Amino acid sequence: MQKPSNTQKSFLTEATSRYHQSLKGSPASEYLASRGLSGDELKRFRLGVVDDPLPGHDMYRGFLAIPYLRWSPGQGWSVITMRFRCLENHDHNNHGKYMAHPGSSIHIYNTLSVQRNNNEISICEGELDAVSAELIGLPSVGIPGRENWKPHFHRMFKGYERVYILADGDQAGKDFAFDVMKTLPKGRIINMPEGEDVNYTIQKFGANSVLKRMGKLNGLG
């Protein structure tokens with residue numbers, strides 16, 4: 001896996017700060033609120049909007065900025081990559097709905113959750129699903145897309161008593177869960193309702209709907 005240079009980390013850290021400061025009152029903030037993502041707890045993810053793009057980010061103007069934060073003892077906070085989500089309601093023919101920072105490789109989102117010494121963790125397909133799960137009390141990481149699970153990722157989940165794979169309720173979600181299970185056979189697949197992902201399941205049916213599927217409301221989690 002290609003590691004970002006110190007120069008790139010500094011650039012992404014500056015971008016994270018700038019875009020996060022622009023989030024309040026923006027269409028990106030309204031979009032997040034429409035998905036049930038708001039409040040003080042959301043601030044720790046440092047989500048932002050590309051309102052005043054840094055060099056090389058003009059193509060992402062108006063996009064939601066999703067930084068991949070890291071913490072290292074002695075070095076403090078850094079950002080190793082960033083993804084951008086288009087908020088326009090169109091068919092995205094000229095660009096993807098999600099776009100990655102130029103030259104970046106595939107990373108796991110929200111690995112800060114791994115550093116909290118939990119005995120269980122959840123794996124979601126997508127950053128915002130991971131954020132949604134975190135906000136209802138589930139330590140979670142996100143994989144940026146169904147095709148982006150890498151076999152070596154399984155090493156991060158050694159030592160956990162339980163690893164939940166929160167699978168979207170469609171064929172792509174089933175395929176994603178199958179890919180994860182091939183290298184993480186001790187994982188436990190938790191399927192969302194038909195046609196729903198983690199975020200929309202929480203919005204439509206409440207947090208308890210996900211927790212019940214995981215067996216956490218009857219002592220089976």
Side-chain angles (χ1 to χ4, degrees), residues 1-4 8-9 11-13 15-17 19-20 23 28 31-32 35-37 41-50 57 60 63-72 77-87 96-116 118 120-158 160 163-168 172-173 176-177 179-180 183-184 187 190 192 197-202 210:
M1 181 181 296
Q2 181 181 358
K3 293 184 179 180
Q8 185 180 35
K9 286 183 180 180
F11 174 83
L12 290 171
T13 299
T16 296
S17 178
Y19 301 156
H20 181 64
L23 182 64
Y31 167 75
L32 290 170
R35 296 191 61 172
L37 303 175
E41 279 294 303
L42 189 65
K43 294 179 180 178
R44 61 188 163 104
F45 299 99
R46 306 291 289 173
L47 301 172
V49 61
V50 187
H57 285 181
Y60 310 124
F63 282 34
L64 176 70
I66 307 172
Y68 279 52
L69 306 174
R70 294 292 189 268
W71 171 265
S72 300
W77 294 100
S78 65
V79 183
I80 62 164
T81 192
M82 183 176 285
R83 289 231 300 167
F84 306 89
R85 190 197 192 282
C86 180
L87 302 179
K97 181 184 293 186
Y98 283 89
M99 298 180 70
H101 188 269
S104 62
S105 55
I106 303 301
H107 296 273
I108 296 175
Y109 177 72
N110 195 41
T111 58
L112 298 179
S113 188
V114 178
Q115 297 174 313
R116 296 192 194 119
N118 302 298
E120 63 182 40
I121 197 159
S122 297
I123 302 172
C124 301
E125 180 191 348
E127 299 96 344
L128 296 185
D129 276 354
V131 171
S132 301
E134 281 273 342
L135 294 181
I136 65 168
L138 298 174
S140 302
V141 299
I143 306 300
R146 170 258 183 271
E147 71 283 359
N148 286 327
W149 173 263
K150 306 300 180 185
H152 64 269
F153 284 169
H154 81 278
R155 295 195 293 265
M156 183 169 288
F157 306 100
K158 289 183 177 180
Y160 282 98
V163 178
Y164 299 101
I165 304 161
L166 305 186
D168 294 354
F176 169 75
D179 285 347
V180 176
T183 54
L184 201 65
I190 308 296
M192 296 301 107
D197 61 16
V198 175
N199 174 262
Y200 285 112
T201 298
I202 294 170
V210 175

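Note that the structure is a prediction, hence the values are computed from the model and not measured.
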Between Ala15 and His57, the two heavy atoms sitting closest are CB-CE1, 4.2 Å
Does the side chain of Met192 come within less than 4.5 Å of Asp197's, by heavy atoms? no
Short side-chain donor-acceptor distance under 3.5 Å, Arg83 and Tyr109: no
What about Tyr60 and Phe84, are their ring centers closer than 6.0 Å? yes
Tell me, do Arg70 and Lys9 make a side-chain contact under 4.5 Å, heavy atoms counted? no
Over 60° means perpendicular and under 30° means parallel, so classify the ring planes of His107 and Tyr68, tilted if in between. perpendicular
Apply the test side-chain contact (heavy atoms from CB on, under 4.5 Å) to residues His152 and Met156: give CA-CA distance (whole Å), side-chain angles for both, the deciding distance (0.1 Å), then the verdict. CA-CA 8 Å; His152 64 269; Met156 183 169 288; over 6 Å; no
Measuring from Lys150:NZ to Thr183:OG1, what's the distance to the nearest 0.5 Å? 11.5 Å
Glu127 and Pro144, any side-chain heavy atoms less than 4.5 Å apart: yes
Any side-chain donor near an acceptor of the partner, Trp77 and Thr16, under 3.5 Å: no
Shortest non-hydrogen contact from Ser140 toward Ala130: CB-O, 3.8 Å
Which value, rounded to the nearest 0.5 Å, describes the distance between Ser132 atom OG and Tyr200 atom OH? 9.5 Å
CD1 on Ile123 to OG on Ser113, rounded to 0.5 Å: 11.0 Å
Heavy-atom nearest pair, Leu23 first then Ala28, reads CD1-CB, 3.8 Å
At their closest point, which heavy atom of Ile165 faces which heavy atom of Gly187, and how far apart are they? CD1-CA, 4.4 Å
Heavy-atom distance under 4.5 Å between the side chains of Leu47 and Leu37, does that happen here? no
In terms of ring plane angle, is the pair Trp149 and Phe153 parallel, tilted or perpendicular, where the classes change at 30° and 60°? perpendicular
Side chain to side chain, Val180 and Ile143, heavy atoms closer than 4.5 Å: no
So do the side chains of Ile66 and Val131 get within less than 4.5 Å of each other, counting heavy atoms only? no
Would you name the heavy atoms of Ser78 and Thr13 that are closest together and state the gap between them? CA-OG1, 4.0 Å
Quick one: does any side-chain atom of His154 pair with a main-chain N or O of Pro151 as donor and acceptor, under 3.5 Å? yes
Could you check Asp129 against Leu166 for side-chain contact (heavy atoms from CB on, under 4.5 Å), going step by step and ending with a plain yes or no? CA-CA 9 Å; Asp129 276 354; Leu166 305 186; over 6 Å; no
Please walk me through it: do Arg44 and Glu134 pass salt bridge (charged side-chain N to carboxylate O under 4.0 Å, His left out)? CA-CA 11 Å; Arg44 61 188 163 104; Glu134 281 273 342; 3.3 Å; yes
For residues Phe11 and Met82, determine if any side-chain heavy atom of one lies less than 4.5 Å from a side-chain heavy atom of the other. no
Is there side-chain contact between Leu135 and Phe45, with heavy atoms separated by less than 4.5 Å? yes
Quick one: pull up CD1 in Ile80 and OG1 in Thr111 and give me the separation to the nearest 0.5 Å. 6.5 Å
If you measure from CG on Leu128 to CZ on Arg35, what distance do you get to the nearest 0.5 Å? 5.0 Å
Distance, nearest 0.5 Å, that separates CD1 of Ile108 from CG of Asn148: 11.0 Å
Which heavy atom in Ala133 sits nearest to a heavy atom in Ile202, and how many Å separate them? N-CD1, 4.4 Å
